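As structure tokens, the structure follows; a few thoughts come after it.
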Amino acid sequence: MKIIVTSLFVEDQDKALKFYSETLGFVKKHDVPSGKFRWITVVSSEDQGGTELVLEPNENPIANDYQKKLFEQGIPATMFGVADIHEEYKRLLDKGVHFTMEPTKMGDITIAVFDDTCGNLIQIIQQ
């Protein structure tokens, strides 16, 4: 068994698609109408056959509340792995990304946290 799709609630699907593709560098895999929303997934440019991230609308009040509470508590909604966190931190800063935590060494790993502009905090990790 393996993870093939995971979801991330977003406030605005168009804004999220733009941020995740143009700013973070993910590749759009699916963008299919689904009622008043769309089934939008992105994948790593380094592993386009890998796990898909669904940019899920937070229209449901439970999803919206969950997303807001995570953000208010400073809890990242998900985590992405990077090869060189200092390089990625600088690249994202240069693109205007707001970090709530600079790269911080914690034992054998280094993490940083940024605001995805779509209602989430995202953690990046170098192992």
Side-chain angles (χ1 to χ4, degrees):
M1 188 177 302
K2 66 180 183 173
I3 299 169
I4 59 169
V5 176
T6 188
S7 295
L8 184 67
F9 292 116
V10 297
E11 296 167 339
D12 179 309
Q13 286 186 298
D14 289 321
K15 184 178 179 181
L17 180 57
K18 183 175 180 172
F19 181 83
Y20 280 82
S21 59
E22 294 178 16
T23 303
L24 297 185
F26 287 98
V27 175
K28 177 174 68 173
K29 185 154 185 178
H30 299 287
D31 188 349
V32 180
S34 180
K36 71 178 193 174
F37 300 107
R38 293 160 26 221
W39 173 259
I40 301 173
T41 68
V42 294
V43 294
S44 169
S45 62
E46 299 168 15
D47 185 13
Q48 294 187 31
T51 304
E52 296 178 44
L53 177 66
V54 179
L55 302 175
E56 185 86 35
N58 71 355
E59 185 79 8
N60 182 306
I62 294 169
N64 189 287
D65 190 46
Y66 171 75
Q67 182 187 32
K68 284 182 180 177
K69 298 247 187 252
L70 283 178
F71 193 90
E72 289 168 2
Q73 293 293 314
I75 300 170
T78 196
M79 180 187 326
F80 302 136
V82 298
D84 183 328
I85 199 163
H86 296 286
E87 183 179 301
E88 191 66 20
Y89 174 74
K90 182 181 179 332
R91 183 184 79 80
L92 293 176
L93 276 179
D94 289 347
K95 289 185 167 264
V97 173
H98 170 71
F99 279 81
T100 61
M101 176 192 282
E102 296 178 357
T104 305
K105 186 120 174 101
M106 296 188 171
D108 294 338
I109 64 168
T110 304
I111 63 171
V113 178
F114 64 85
D115 181 339
D116 78 348
T117 73
C118 305
N120 302 293
L121 295 175
I122 305 296
Q123 182 170 292
I124 54 176
I125 181 172
Q126 177 183 333
Q127 299 186 44

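Being a predicted model, the structure only gives us computed values, none of them experimental.
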Taking side chain as C-beta onward, heavy atoms only, is Gln67 less than 4.5 Å from Glu11? yes
For Lys69, I'd like to know if atom NZ has over 12 heavy atoms of other residues, nucleotides or ligands within 6.0 Å. no
Hey, are the side chains of Leu55 and Phe19 touching, using non-hydrogen atoms and a 4.5 Å cut-off? no
Just by distance, no angles: are the side chains of Tyr66 and Asn58 close enough, under 3.5 Å, to form a donor-acceptor pair? no
Is it true that, when you exclude Asp47 itself, more than 12 heavy atoms of the residues, nucleotides or ligands shown sit nearer than 6.0 Å to its CG? yes
Check: Pro103 main-chain N/O paired with Thr110 side-chain donor or acceptor under 3.5 Å: no
Is there a side-chain contact between Leu8 and Ile122 in this structure, where contact means two heavy atoms from C-beta onward sitting under 4.5 Å apart? yes
If you round to the nearest 0.5 Å, how far is NZ of Lys29 from CH2 of Trp39? 11.5 Å
Taking a hydrophobic cluster as the set of Ile, Leu, Val, Met, Phe, Trp and Tyr residues connected by side-chain heavy atoms closer than 4.5 Å, whether directly or through intermediates, do Phe80 and Leu17 fall within one such cluster? yes
Reported CD-to-OG1 distance for the pair Gln123 and Thr100, which is rounded to 0.5 angstrom: 9.5 Å
If you take all heavy atoms of Ala83 and Gln126, which pair is closest and at what distance? O-CD, 3.4 Å
Asp116 side chain near Tyr20 side chain, heavy-atom distance below 4.5 Å: yes
Determine, using the 4.5 Å side-chain heavy-atom cutoff (strictly less than), whether Met106 and Ile85 are members of one ILVMFWY cluster. no
Charged N to carboxylate O below 4.0 Å: is that the case for Glu88 and Arg91? yes
Would Met79 end up clustered with Ile109 when hydrophobic side chains under 4.5 Å apart are linked, directly or stepwise? yes
I need the minimum non-hydrogen distance between Ile111 and Ile125, along with the two atoms involved. CG2-CG1, 4.0 Å
Are Phe9 and Val42 grouped together when hydrophobic residues (ILVMFWY) are joined by side-chain heavy atoms under 4.5 angstrom apart? no
Nearest heavy-atom pair of Pro76 and Gly74: which atoms, and what distance? CD-O, 3.5 Å
Should Phe114 and Tyr89 be counted in the same cluster of Ile, Leu, Val, Met, Phe, Trp and Tyr side chains packed under 4.5 Å apart? yes
Which atom of Leu53 lies closest to which atom of Ser7, heavy atoms considered: CD1-C, 4.2 Å
Distance-only, no hydrogens or angles: does the Lys95 side chain make a donor-acceptor pair with backbone N or O of Glu22 under 3.5 Å? yes
Check this for me, if you would: do Asp14 and Lys18 make a salt bridge, where the nitrogen-to-carboxylate-oxygen distance has to be below 4.0 angstrom? no
Over 12 non-hydrogen atoms of neighbours within 6.0 angstrom of CD in Glu102: no
Checking Glu52, His30, Lys28 against Val43 for side chain to side chain contact (heavy atoms under 4.5 Å, CB included), the one that qualifies is Glu52
Close side-chain approach of Leu121 to Leu70, heavy-atom, < 4.5 Å: no
Keeping the roles fixed (side chain from Asp65, backbone from Lys68), state whether a donor-acceptor pair exists under 3.5 Å. no
All heavy atoms of Gly119 vs all of Phe71, minimum pair found to be O-CD1, 3.6 Å
With rounding to the nearest 0.5 Å, note down the distance linking OG in Ser44 to CZ in Phe26. 6.0 Å
